[in-house]
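For reference, the structure discussed in these notes is given below.
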2 protein chains.
Amino acid sequence: MPENKAPLKPTDTELEILQILWQNGPSTVRLVNEEQNKTKETGYTTTLKLLQIMFEKNLVTRDEESRSHLYQAAVTEEETQQSLLNRFLDTTFRGSAMKLVMQALGNRKTSPEELDQIRHLLKKLEDESSASDS
Amino acid sequence: MPENKAPLKPTDTELEILQILWQNGPSTVRLVNEEQNKTKETGYTTTLKLLQIMFEKNLVTRDEESRSHLYQAAVTEEETQQSLLNRFLDTTFRGSAMKLVMQALGNRKTSPEELDQIRHLLKKLEDESSASDS
DNA sequence: AAGTTTGTACGAAAAAAGTCGTAGTAAATA
DNA sequence: TATTTACTACGACTTTTTTCGTACAAACTT
């Protein structure tokens, strides 16, 4: 059981780095930096410093065995998404998940397969709620 | 037709203020400040300055007729939500609207009525997409 | 009319986030 | 072994965002 007190609020850059770590697994500073540079030129020490800060915040762990440390996300993508989603929902959609969903679906082209998946989820949610009504 | 070039990225505090303006319509600095204070103690001139900055950024307009100016949101809630949603989707969910929707629905209790509304939307989306396939 | 209250304007401090240079050391290589 | 390369540590500078103090003016109050 993680003992993560704080509501988990990575900054924009921290989130970018987390994405890289989630996608690549344990990575050296250099690798993270190279990934970052695909999007936006970033100095090596900048990346290093960020990772060090994230380490202090317990957003990442690191393996110091070899000379170039291996950094790894200490939070899962799902829990981070959930946390950010809740915050976003409150600040931007005044807490209305419905409205967010409607806009997300409405203004983006969603494939029929995806729509179908959502339909399944809806059914499941409905079943669950009626089951708990007993 | 608005000539809004920038992708519309209000900061957190700016968004709070926009929310207040959307809910209350044209408002004086004082009113905005009082609303803010319900959540978080904020000095009067702090609010004033923010509104002035937002005015320069064209996030709000103002009526200077009477001594206490009336500020009004210059962007709609919907377009702002849409813009922030797109950004959020990209940075946090790597662009997958589906995943966001699933998490939004899954981890929050959504009422049967709301689920039903979404179901209607799904149907509409489906109809539209098959219609445009002609 | 003098004084108090309620405004705006605006510079500048404080806080938060991101960037980078320099020092020092281990490892590779010439 | 001397040199160059690849790392970490860390302080400090920059930029962005937020907060606030002070100055000054209009409009009420007495």
Side-chain angles (χ1 to χ4, degrees), chain A residues 6-21 26-72 80 84 87-88 91-92, chain B residues 6-21 26-72 75 80 83-84 87-88 91-92:
Chain A
L8 193 49
K9 195 195 179 187
T11 66
D12 286 354
T13 309
E14 286 172 348
L15 183 57
E16 265 178 45
I17 290 182
L18 284 175
Q19 297 280 12
I20 292 169
L21 293 178
S27 312
T28 60
V29 175
R30 182 147 305 280
L31 193 142
V32 172
N33 180 246
E34 275 161 7
E35 284 301 313
Q36 270 187 306
N37 276 304
K38 289 181 182 170
T39 308
K40 176 177 181 295
E41 163 138 6
T42 311
Y44 177 84
T45 50
T46 302
T47 304
L48 171 63
K49 180 67 168 201
L50 254 304
L51 280 165
Q52 286 170 342
I53 290 172
M54 291 171 74
F55 176 63
E56 279 169 7
K57 290 188 189 173
N58 294 312
L59 283 176
V60 300
T61 59
R62 72 178 172 193
D63 174 350
E64 310 184 2
E65 281 309 290
S66 53
R67 190 150 92 89
S68 39
H69 301 167
L70 278 180
Y71 286 85
Q72 184 168 6
T80 305
L84 291 175
R87 179 184 312 279
F88 182 67
T91 60
T92 304
Chain B
L8 193 49
K9 195 196 179 187
T11 67
D12 286 354
T13 310
E14 286 171 348
L15 184 57
E16 264 178 45
I17 290 182
L18 284 175
Q19 297 280 13
I20 291 169
L21 294 178
S27 311
T28 60
V29 175
R30 181 146 307 278
L31 193 142
V32 172
N33 179 247
E34 275 161 7
E35 283 301 313
Q36 271 187 306
N37 275 303
K38 289 182 183 170
T39 308
K40 175 177 181 293
E41 164 138 5
T42 311
Y44 177 83
T45 52
T46 301
T47 304
L48 171 63
K49 181 66 170 199
L50 252 305
L51 280 165
Q52 287 171 342
I53 290 173
M54 291 171 76
F55 176 64
E56 280 170 7
K57 290 189 190 172
N58 293 313
L59 284 176
V60 300
T61 59
R62 73 177 172 192
D63 174 349
E64 309 183 2
E65 281 310 289
S66 53
R67 190 152 92 89
S68 39
H69 302 167
L70 278 180
Y71 286 85
Q72 184 169 6
V75 293
T80 305
S83 171
L84 291 175
R87 179 184 312 281
F88 182 67
T91 61
T92 305

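Protein chains get the first letters and strands the later ones, always in sequence-line order, with residue 1 at the start of each.
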Has [X] got a side-chain atom pairing as donor or acceptor with [Y]'s backbone, closer than 3.5 angstrom?
X: A:Asn37; Y: A:Thr42; value: yes
X: A:Asn33; Y: A:Val29; value: no
X: A:Glu34; Y: A:Leu31; value: no

| Contact under 4.0 Å: B:Thr13 side-chain N or O vs D:dT18 OP1/OP2 | yes

Interatomic distance where [atom1] belongs to [X] and [atom2] belongs to [N] [whole Å]:
X: A:Asp12; N: C:dG18; atom1: CG; atom2: C1'; answer: 11 Å
X: B:Leu15; N: D:dT18; atom1: CG; atom2: P; answer: 11 Å
X: A:Glu14; N: C:dG18; atom1: CD; atom2: C1'; answer: 10 Å
X: A:Glu65; N: C:dA26; atom1: CD; atom2: C1'; answer: 16 Å
X: B:Ile53; N: D:dT19; atom1: CD1; atom2: C1'; answer: 10 Å
X: A:Lys9; N: C:dA17; atom1: NZ; atom2: P; answer: 7 Å
X: B:Asn37; N: D:dC20; atom1: CG; atom2: P; answer: 10 Å
X: A:Ile17; N: C:dA17; atom1: CD1; atom2: P; answer: 14 Å

| Taking only residues two or more places apart in sequence, or in another chain, which ones meet A:Gln36 in a side chain to side chain donor-acceptor pair (under 3.5 Å)? | A:Thr47

| note | Protein heavy-atom contacts under 4.0 Å, written 5' to 3' over nucleotides 5-16 of chain D as B (base), S (sugar-phosphate only) or - (none), form the string -BBBBBB-----

| side-chain contact (heavy atoms from CB on, under 4.5 Å) between B:Leu51 and B:His69, intermediate numbers included | CA-CA 10 Å; B:Leu51 280 165; B:His69 302 167; over 6 Å; no

| request: Check every strand shown and say whether A:Leu50 touches a base, only sugar-phosphate, or nothing at a heavy-atom separation below 4.0 Å. | output: base

Check nucleotides 28-30 of chain D against the protein and report each pair of N or O atoms closer than 3.5 Å, with its distance, or say if there are none.
none

| request: Return the minimal non-hydrogen interatomic distance between B:Arg87 and B:Leu8, and the atom names on each side. | output: NH2-O, 4.4 Å

| field | Exercise: identify the closest heavy-atom pair between A:Gln72 and A:Leu21 | value | C-CD1, 4.0 Å

| task | Please examine the side chains of B:Thr92 and A:Leu15, heavy atoms only from C-beta on, and report whether any two atoms are closer than 4.5 Å. | result | yes

| said: Could you tell me if the side chain of B:Tyr71 sits less than 4.5 Å from the side chain of B:Ile17, heavy atoms only? | reply: no

